[in-house]
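Below is one structure; the comments refer to it alone.
Chain letters run A, B, ... following the sequence lines, proteins first, then strands; residues in each count from 1.
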There are 2 protein chains.
Amino acid sequence: MPYRETSQVRERKTARRERLLRAVWELVGERGFEQVRMVDVAARAGLATGTVYRYFGSRGELFAAVFQRATALEVEHVRQALADTSGTAADGVEAALRTFARRAMRAPVLAWSLMAEPVDPRVEQARLVYRRSYARLFQTAIERGIGESVFPPQPAGLSANAVVGALAEALAGPLAPGRDVDHQAGAVQAIALESMIDTVVRFCMQGLTGTMRTVK
Amino acid sequence: MPYRETSQVRERKTARRERLLRAVWELVGERGFEQVRMVDVAARAGLATGTVYRYFGSRGELFAAVFQRATALEVEHVRQALADTSGTAADGVEAALRTFARRAMRAPVLAWSLMAEPVDPRVEQARLVYRRSYARLFQTAIERGIGESVFPPQPAGLSANAVVGALAEALAGPLAPGRDVDHQAGAVQAIALESMIDTVVRFCMQGLTGTMRTVK
DNA sequence: CCAAAAAATGAATGATGATTCATTTGTTTG
DNA sequence: CAAACAAATGAATCATCATTCATTTTTTGG
């Protein structure tokens, strides 16, 4: 009865699978999904091209796995920020926005890939879940804020999406790979990151809390 | 001395060039740039594939031409809304936002293609100009608003970008092709378009005018 | 109608990149 | 070590399109 998978082999396989995920994660952070070639993935992981297919059935499957892992991490960070904040619901939302924004700016290409890059259906499917997670997180917080009267009544689901959308585009969008950063009319250059985050977060918080002026 | 381009031919060529631009415009509105094949363009215009290259040197060149035309139109509409509005700068900005939003929602895929879809460098180049046009438009208006004290002091350029980004992502992003519309937690379904626009515009105006609360 | 010139055609070419698979290399147990 | 099997390899295959170009069709002035 020669050969039966031993723990040594099993561990090596686990490690290689892990290295593949890591490789894709790195590459996506550098160029976005679209620009990541299977050959590059293999090279980065120190494997042959064909080997990749022993671990993941297809490009879409591999990328979806990476996507899922990356988004779960992001959502968890934001969830934590929300949970860890004492005070009004507004304080929680603000902390969450700040966390979201800071992480997005630290890894702009990844953020862009997760939020906005067009991806194949398998990955898009995972993105649906991702966005829902965020929306749910913020929606709940906003609803609590409305209950506490720190936010005026508003369609919480829509506001949540608006906020997520606003941050994603305002921060990640301009920094999408290959896009010239200086297109913000030079503003980005002058204003430091933190300050920029302040501005966008303030914009969002004001959007949520409002002056109650009835627009139109 | 047989054959010299006559006005009949010249007009036919102009018409065909026009039909090509129109064809691409239609197709982009249906699927976005990425998904538009040269063969489809030719078919839609009623020409052979090779013929397209007698009018435009390359896919990038053709698409850039379409992009330029489409964006010029969009910017012009917004500019008009801004100019046609009497009252404070805030009124103008609101009218402009509303125009922008309404047009984006009427042609969501086109809007997404113009604002956010990854495109080849030639087109990206044109997009730079496009975003700058918008940013300049809004930035000027916001600066005027600050002067009139209807907006609190703020980095106008950044706010302008935030507003454009917020609208683009909040309205066009969710409606990107192939993305399931119902992902807005069902909100979109229930709320009519105009009402949705109201909400997003209010969000933006509140973000701009603010309650002056010092966020952190 | 003819010759000259341009325009149009669409099948062939070429580039890119995911995926496959015949072959090689590595592991395990008797 | 050898037999038995799995894992790894990477060059070949296949699919997708943009682009080209030899050939055909149109147009024009004589």
Nearest 0.5 Å, what's the CZ-CZ distance between A:Arg103 and A:Arg98?
16.0 Å
Taking atom C1' of D:dT26 as reference, at what distance in whole Å does atom CZ of B:Arg54 sit?
12 Å
Are B:Arg17 and B:Phe56 in a cation-pi setup, meaning NZ or CZ lies under 6.0 angstrom from the ring centre and within 45 degrees of the ring axis?
yes
Using whole Å, report how far CZ of B:Arg4 lies from P of C:dA7.
14 Å
For the pair made of CZ in A:Phe56 and P in C:dT20, what is the distance, rounded to whole Å?
16 Å
Spatial distance of atom CZ (A:Arg44) from atom CZ (A:Arg37) [nearest 0.5 Å]
14.0 Å
Which value, rounded to the nearest 0.5 Å, describes the distance between A:Gln35 atom CD and A:Ser113 atom OG?
10.0 Å
Can you tell which of D:dT9, C:dT19, D:dT27 lies closest to the side chain of A:Leu47?
D:dT9
Nearest-Å distance for atom pair CG/P, residues A:Asp120 and C:dG17
16 Å
Evaluate the ring planes of A:Phe63 and A:Phe33, with Trp represented by its six-membered ring, and classify them as parallel (under 30°), tilted (30 to 60°) or perpendicular (over 60°).
tilted
Heavy-atom side-chain contact between A:Arg102 and A:Ile197 under 4.5 Å
yes
Point-to-point distance, once rounded to the nearest 0.5 Å, from CZ of B:Arg31 to CD of B:Glu26
11.0 Å
Which of these nucleotides, C:dT27, C:dG10, D:dT19, is closest to any side-chain atom of B:Ala48?
C:dG10
Roughly how far apart are A:Phe203 CZ and B:Gln206 CD, rounded to 0.5 Å?
10.0 Å
Taking C-beta and beyond as the side chain, do A:Leu21 and A:Leu62 meet within less than 4.5 Å on heavy atoms?
yes
Between OH of B:Tyr53 and P of C:dG10 the distance, given in whole Å, is 16 Å
Using a 4.0 Å cut-off on heavy atoms, which residues in residues 58-67 of chain B reach DNA chain C? List them by number, or say none.
none
Nearest-Å distance, CD (A:Gln8) to C1' (C:dT29)?
14 Å
Specify the residues of residues 12-23 of chain A, ordered by number, for which at least one heavy atom lies under 4.0 angstrom from an atom of DNA chain C.
A:Arg12
Return the orientation label for the B:Tyr130 and B:Phe67 ring planes: parallel under 30°, perpendicular over 60°, tilted otherwise.
perpendicular
Determine whether B:Gln68 and B:Val129 satisfy the following criterion, side chain to side chain contact (heavy atoms under 4.5 Å, CB included), listing intermediate values before the conclusion.
CA-CA 9 Å; B:Gln68 214 149 1; B:Val129 177; over 6 Å; no
According to a strict under-4.0 Å criterion, is A:Tyr55 in side-chain N/O contact with OP1 or OP2 of D:dA8?
yes
5' priority, DNA chain D, between B:Ser7 and B:Gln35 [closest heavy atom]:
B:Gln35
For every nucleotide of nucleotides 11-16 of chain C, 5' to 3': is a protein heavy atom under 4.0 Å from its base (B), only from its sugar-phosphate (S), or from neither (-)?
------
Whole Å only: how far is the CG atom of A:Leu27 from the P atom of C:dG17?
14 Å
